[in-house]
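Numbering of ligands and ligand atoms starts at 1, following listing order. Just so you know, residue 1 is the first one in the sequence shown, and it goes up from there.
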Amino acid sequence: MKKKILMIATGGTIASKETSEGLAPAISPNELLACVPEVAEACDVETVRPFNLDSTNVYAPHWLEIASIVERNYAAYDGFVVTHGTDTMAYTAAALSYLIQNSAKPVVLTGSQRSVYSRDTDARRNLSDAFLYCADSSAYGVRIVFDGSVILGTRAKKTRTRSFNAFSSIDFPAVAVMRDGRPLRYVSGSRPSGEPKFWHKLDRNVFVLKMIPGLRADIFDYLCRSCDGLVIESFGAGGLPDYEDGAFFKGLARFLALGKTAVLTTQAEHEGSSMDKYAVGRKLRSCGRVIEAGCMTLEAAVTKLMWVLALARGEEAEKLFYTPVEYDIF
Ligand code: ASP
């Protein structure tokens, strides 16, 4: 029996054409499908296009919209392929991993570095692989399929702006590779049983503070006024500077005393943060309750915080943040 798949087209380079103002999304989902005729042998595809954007413009309301399309159509389809720009695909994939949990059906994101009509495009291969992976009986959960790799939605990062291998699976193996249109599994997780769980809210008031040497701590005046959650992208294993008479620690203590939530992560791409290693890190503990992202990607830390803060605050939020979802934290 052929699988029935819903294609959710959202724009990106894969659907772009050259215009007088530069590349912009203009290709319809059916035009895209016509470029991969082999897909029709493996599955029956229906299409929706909720929006048609460069993914630079895609954020929380769009993530909620995609999740809601999956929820409304969950019973009617065997899987979902989301075509999406590559620039923020890792954020969308992480957000969908929190908004759609315990899904025995696959939700597969893909896109491309070159438009489907350009001569040396990666679009056809990625699109075809995404559908063939989605139609495979072993597939489930939120995944990115790109350049032959199948990456968990919570572990992906865009690490290249031009090359076809645009995405890396950070500190976790790609779960499979596509070989001749079939997944060759590296990691055999267990398909969830029971019903999928859909969530419908995100708190967008999350800010990422990327530390640079010499940054001024009065940024906390803004953060205390405007944010519910803060991800501090610190240096190395993690810490805050103690210049300006400890103004960073005082600023963070002020932020936490307002009942807000802070997460520490690192700018280093691999191996995560470790707050207790250095004195500049351990001192954060004296500011109040600071969550440590550890091995999580920035994309997962940010979207998980948005999801968590829509549901809980304080200790509850901390507990939820530390509860692993799809190997996001371990
Ligand atoms: N700017 C494009 C986007 O993210 C890049 C791409 O799709 O590769 O929509």
- Item | Sub-4.0 Å atoms of ligand 1 with respect to non-hydrogen atoms of G12 | 7 (O), 9 (O)
- Query: Is K158 close to ligand 1, meaning an N/O of one under 3.5 Å from an N/O of the other?
  - Reply: no
- How close does the nearest protein non-hydrogen atom get to atom 8 (O) of ligand 1, and which residue and atom is it? T86 OG1, 2.5 Å
- Query: How are the rings of F146 and F167 set relative to one another: parallel (under 30°), tilted (30 to 60°) or perpendicular (over 60°)?
  - Reply: perpendicular
- Item | Distance-only side-chain donor-acceptor flag, T56 / D54, under 3.5 Å | yes
- Task: May I ask you to check whether T56 has an N/O atom sitting below 3.5 Å from an N/O atom of ligand 1?
- Result: no
- Query: Using 30° and 60° as the class limits, which term best fits the ring planes of F198 and Y74: parallel, tilted or perpendicular?
  - Reply: perpendicular
- Does any N/O atom on T88 come nearer than 3.5 Å to any N/O atom on ligand 1? no
- Message: Can you report which non-hydrogen protein atom sits closest to atom 9 (O) of ligand 1, along with the distance?
- Response: S55 N, 2.7 Å
- Message: Under a plain distance cut-off of 3.5 Å, with no hydrogens placed, do S273 and T266 share a side-chain donor-acceptor pair?
- Response: no
- Message: Taking 4.0 Å as the limit for heavy-atom contacts, which would you say applies to S112 with ligand 1: side chain only, backbone only, both, or neither?
- Response: backbone
- Query: Is the NZ or CZ atom of R160 positioned over F164's six-membered ring, under 6.0 angstrom from the centre and within 45° of the axis?
  - Reply: no
- Item | Sub-4.0 Å atoms of ligand 1 with respect to non-hydrogen atoms of T13 | 2 (C), 5 (C), 6 (C), 7 (O), 8 (O)
- Answer yes or no: is there a donor N or O on one side and an acceptor on the other, between the side chain of S55 and the main chain of V58, under 3.5 Å? no
